[in-house]
Amino acid sequence: MAGILFIISAPSGSGKSTLVSRLRSLVEGLEFSVSYTTRQPRGSEIDGREYHFTTRESFEGMIAADEFLEHAEVFGNYYGTALSALRHAKAAGKDLLLDIDVQGAVQVMRKLPEAVSIFILPPSPETLERRLRHRSVAEHVTSEEVIARRLQEARKELDRIGEYRYAIVNDQLDEAVDELRAIVLTERQDGEADHKLARSCLTTSRSRRLVEALGSFERHVVAQKM
Ligand code: 5GP
């Protein structure tokens, strides 16, 4: 084992956080990279646990000093993965998981083509919109504009799904967790891996669930243009 880099990306509202925390409790030897960000902490977030919260000035200093594996601006804030996270995981003999957006993921794939990329998507635009509305109530941001912007952003991200090695349609949480675990164990060549399940998640496999989910987003766009 050791040294595999997993990249997970998902539009906000895909249910990624729950999925990733379930994975965390099921799979050993996986370190989670704590990103740097210039956004403000939310709710119960703690500096150094969810993110390293920092200022724009200090973030830009890190860019200038070439300290990032990748960085991107998401919803008006900087986010970045420090190269030190990679070194740290290697030294500890662990695999590393990055939870980053599409722009960052593409930068990492270019630099480290052996990285294992996984895209998590909601089953339909209707489910995504419902989840975004729930979340915005929880965050006390009920602006229609924010929801519309996140939906539009999700569609843009979905257009790049073909650049990822795997895709998981997060419809039933338990199934999605099984798939994520199968992918990690398969890439590790672990004897317990469910290779067939992992293979069905390859984006090149064009599974029925993936095709249906992508189709529902395309129809939604066409319907909106009419
Ligand atoms: P949030 O502010 O909701 O925690 O995250 C917003 C978005 O930023 C999510 O899509 C998340 O995956 C992405 N993100 C978090 N950390 C990083 C990072 O280090 N680099 C990049 N490129 N995106 C990140």
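We number each residue from 1, following the sequence as shown. Counting starts at 1 for both ligands and their atoms, in listed order.
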[X] neighbourhood, listing ligand 1 atoms whose heavy-atom distance to it stays under 4.0 Å:
X: Gly104; answer: 22 (N)
X: Thr81; answer: 19 (O)
X: Arg39; answer: 1 (P), 2 (O), 4 (O)
X: Ala72; answer: 22 (N)

Quick test: of every protein heavy atom, which one is nearest to [atom], and how far off is it to 0.1 Å?
atom: atom 6 (C) of ligand 1; result: Tyr79 OH, 3.6 Å
atom: atom 7 (C) of ligand 1; result: Val74 CG1, 3.9 Å
atom: atom 16 (N) of ligand 1; result: Ser35 OG, 3.1 Å
atom: atom 20 (N) of ligand 1; result: Glu70 OE2, 2.7 Å
atom: atom 3 (O) of ligand 1; result: Arg42 NH2, 3.0 Å
atom: atom 9 (C) of ligand 1; result: Lys16 NZ, 4.0 Å
atom: atom 4 (O) of ligand 1; result: Tyr51 OH, 2.5 Å

| Result of checking Arg39, Glu153, Gln103 against Val74 for side-chain contact (heavy atoms from CB on, under 4.5 Å) |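 Looking at Arg39, Glu153, Gln103, the match for Val74 under the side-chain contact (heavy atoms from CB on, under 4.5 Å) is Gln103.
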
| Listed once per pair and sorted, the salt bridge (charged side-chain N to carboxylate O under 4.0 Å, His left out) pairs that draw on residues 50-72, sequence neighbours left out |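 Listed by first then second residue: Arg56-Glu73.
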
| query | For ligand 1, is there an atom lying under 4.0 Å from some heavy atom of Glu50? | reply |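 The answer is no, since Glu50 has no heavy atom less than 4.0 Å from ligand 1.
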
| Any non-hydrogen atom of Ser12 lying under 4.0 Å from ligand 1? |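 Flag not set, Ser12 not near ligand 1.
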
| said: Determine whether the aromatic ring centres of residues Tyr36 and Tyr78 are separated by less than 6.0 angstrom. | reply: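 Between Tyr36 and Tyr78, which both carry aromatic rings, the centre distance is not below 6.0 Å.
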
| query | Stepwise, does the salt bridge (Lys or Arg N to Asp or Glu O under 4.0 Å) test hold for Glu218 with Arg155? | reply | CA-CA 9 Å; Glu218 271 162 31; Arg155 271 191 220 110; over 6 Å; no

Is a side-chain donor or acceptor of [X] paired with a backbone partner of [Y] at a separation under 3.5 angstrom?
X: Ser21; Y: Ser17; value: yes
X: Ser14; Y: Leu121; value: no
X: Asp190; Y: Leu185; value: no

| What are the two closest heavy atoms between Gly104 and Ala72, and how far apart are they? |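 Taking Gly104 first and Ala72 second, the nearest heavy atoms are N-CB, 4.4 Å.
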
Select the closest option to [atom] among [options], judged by heavy-atom distance.
atom: atom 12 (O) of ligand 1; options: Asn77, Asp99, Val102; result: Asp99
atom: atom 18 (C) of ligand 1; options: Val106, Ile100, Val108; result: Ile100
atom: atom 23 (N) of ligand 1; options: Val34, Val20, Ile8, Asp101; result: Asp101

| said: Less than 4.5 Å apart, side chain to side chain, heavy atoms only: is that true for Ile8 and Leu97? | reply: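 The answer is yes, as the side chains (C-beta and beyond) meet within the 4.5 Å cut-off.
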
| task | For ligand 1, note which part of Gln103 has a heavy atom under 4.0 Å away: side chain, backbone, both or neither. | result |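 Near ligand 1, Gln103 shows nothing, with every heavy atom at 4.0 Å or more.
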
| Flag if over 12 foreign heavy atoms under 6.0 Å of NE2, His88 |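 It does not: His88 NE2 has 12 such atoms or fewer within range.
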
